[in-house]
Amino acid sequence: MNTHHERANVLIEALPYIQRLSGKTIVVKYGGAAMLDDNLKKRFMEDITLLKFVGMNPIVVHGGGPDINGTLSALHIESKFHNGLRVTDEETMKVVQMVLTGRINKDIVAGINACGGKAVGLCGIDGHVISAHKCPPVEGVDLGCVGEIDSVDTKLLNMLTSDEYIPVIAPIGCGEHGESYNINADTVASAVATALKAEKLMFLTDIDGIRRDPEDPSTLIYEISSMDVAGMIADGIVSGGMLPKAKACAKAIREGVNRVHIINGTIPHSIILEIFTDSGIGTMFTK
């Protein structure tokens, strides 16, 4: 009987969040270990499908670095990076586009559809959703076909989300003359959320969120303002791999996204646990 009560309480706890977020846009950056483990993949697809069926408008933006590296290796093409960005010559760009749009994107679409959702795979080229230009050299290094976003056209995304569809976006941008650009998936997710004035932007990572002591999981910060983040960055508390994500979260908040979350995608159903429970499981950024 206690188990039955606990299950009922979980559903009741979710009710105000379902009511509050009905009709709202939720952009989810899908990456990390959650893309590599079959069990976590299925749990992710179920979460996204559930969001749609309870009245929200989820949009998925995905990366695919490990798969790109594996394919390049199989084709005997060397992977090169500079300051964390992939140096993308024309040969590499063909592989990047093939892997992101031809395999990973369609695998995610198929997974969501298998859960009962209606996902539609896109990249920035489709409908000219993401307009971009070539990234200037970084410290004198030409990154090749790496792009910076000029604008996000929301018309197609709004058309899909206002109906019963779930857009799944690969981070490829389109240049003025139809050229393709490889763009960081975190950057694309943030730009899409900002353009749509999304209620939430969620980054799935391999860690719990921001901690006051990076080595102590018990110091996880569940809610933080963009002003507090700036102070923690200045004090060196937020550093390393968390630094660019924290900056991206704070920037999205400043540009109109209502809530931004960093959550651990290695926890099954992490999206549901973060959105529909009072305490959440990750770090939530607020204005």
Side-chain angles (χ1 to χ4, degrees), residues 1-35 37 39-62 108 111-119 157 160-168 189 192-193 196-210 217-218 220-225 249 252-253 257-287:
M1 187 62 70
N2 286 337
T3 301
H4 294 323
H5 287 160
E6 289 170 2
R7 289 177 178 174
N9 287 335
V10 167
L11 294 173
I12 294 303
E13 185 178 341
L15 179 58
Y17 298 103
I18 293 173
Q19 293 170 324
R20 191 182 309 153
L21 295 172
S22 179
K24 301 294 178 66
T25 298
I26 314 289
V27 177
V28 181
K29 160 48 193 345
Y30 179 41
M35 291 187 71
D37 180 275
N39 180 58
L40 292 173
K41 285 182 187 178
K42 189 171 190 301
R43 302 290 88 82
F44 171 81
M45 312 300 179
E46 291 169 344
D47 285 4
I48 295 297
T49 304
L50 177 63
L51 294 184
K52 189 66 177 181
F53 274 98
V54 297
M56 300 170 204
N57 295 321
I59 295 174
V60 178
V61 177
H62 66 85
I108 297 170
I112 293 172
N113 291 348
C115 292
K118 289 190 175 180
L157 299 178
L160 293 169
T161 56
S162 64
D163 204 335
E164 54 190 4
Y165 298 102
I166 301 170
V168 179
V192 168
L196 290 168
K197 295 296 185 282
E199 178 67 20
K200 289 183 180 291
L201 167 61
M202 309 185 77
F203 290 96
L204 268 65
T205 67
D206 294 343
I207 58 174
D208 297 334
I210 292 181
S218 69
L220 176 67
I221 301 171
Y222 288 96
E223 185 172 331
I224 191 170
S225 72
C249 291
I253 287 288
V257 179
N258 198 34
R259 296 283 189 272
V260 183
H261 305 252
I262 294 178
I263 60 175
N264 191 339
T266 67
I267 299 173
H269 295 301
S270 56
I271 294 173
I272 298 303
L273 291 169
E274 177 66 11
I275 293 180
F276 294 137
T277 61
D278 292 335
S279 61
I281 62 167
T283 298
M284 179 173 71
F285 294 73
T286 63
K287 295 180 181 177

Reported CE-to-CD1 distance for the pair M45 and I166, which is rounded to 0.5 angstrom
11.0 Å
Heavy-atom closest pair, residues A198 and V27:
CB-CG2, 4.1 Å
Determine the minimum heavy-atom distance between E274 and G282, stating which atoms define it.
OE1-N, 2.9 Å
Donor-acceptor pair, T283 side chain versus I262 backbone, under 3.5 Å?
no
Closest non-hydrogen contact found for S270 with G265 is OG-CA, 3.9 Å
Is the shortest heavy-atom distance from the side chain of V28 to the side chain of P58 under 4.5 Å?
no
To the nearest 0.5 Å, how far apart are CG in L50 and CE in M56?
7.5 Å
Main-chain N/O of E199 paired to T25 side chain as donor or acceptor, under 3.5 Å
no
What's the spacing between M35 CE and K41 NZ if we round to 0.5 Å?
7.5 Å
Test side chain to side chain contact (heavy atoms under 4.5 Å, CB included) on I210 and F285 and set out the steps.
CA-CA 10 Å; I210 292 181; F285 294 73; 3.4 Å; yes
Tested for side-chain contact (heavy atoms from CB on, under 4.5 Å) against Y30, the lone hit among I108, V61, I48, V168 is I108
Between N57 and K52, do the side chains contain a donor N or O and an acceptor N or O under 3.5 Å apart?
yes
Go through it in stages, so that I can follow the logic: the residues are I26 and I59, the test is side chain to side chain contact (heavy atoms under 4.5 Å, CB included), and I'd like the CA-CA distance, side-chain angles, deciding distance and then a yes or no.
CA-CA 6 Å; I26 314 289; I59 295 174; over 6 Å; no
Going from NE2 on H261 to CD1 on I271, what distance comes out if it is rounded to the nearest 0.5 angstrom?
11.0 Å
Side chains of L21 and K200: does their closest heavy-atom pair fall under 4.5 Å?
yes
When you measure from the side chain of D37 to the backbone N and O of N39, does any donor-acceptor pair fall under 3.5 Å?
yes
Heavy-atom neighbours of K197 NZ exceed 12 at 6.0 Å
yes
Can you find a heavy atom in the side chain of M284 that is under 4.5 Å from one in the side chain of I224?
no
Between atom CD1 of I281 and atom CD1 of I275, what is the distance when rounded to the nearest 0.5 Å?
10.5 Å
Less than 4.5 Å apart, side chain to side chain, heavy atoms only: is that true for Y17 and R20?
yes
Calculate, to the nearest 0.5 Å, the distance between atoms CG and CZ belonging to D47 and F276 respectively.
9.0 Å
Would you name the heavy atoms of V260 and C249 that are closest together and state the gap between them?
CG1-SG, 3.4 Å
Minimum-distance pair of heavy atoms, taken over all atoms of E13 and T277
OE2-CA, 3.2 Å
Side-chain heavy atoms of L51 within contact of I272, under 4.5 Å:
yes
Locate the shortest heavy-atom distance separating L40 from P268; write the atom from each residue and the value.
CD2-N, 4.0 Å
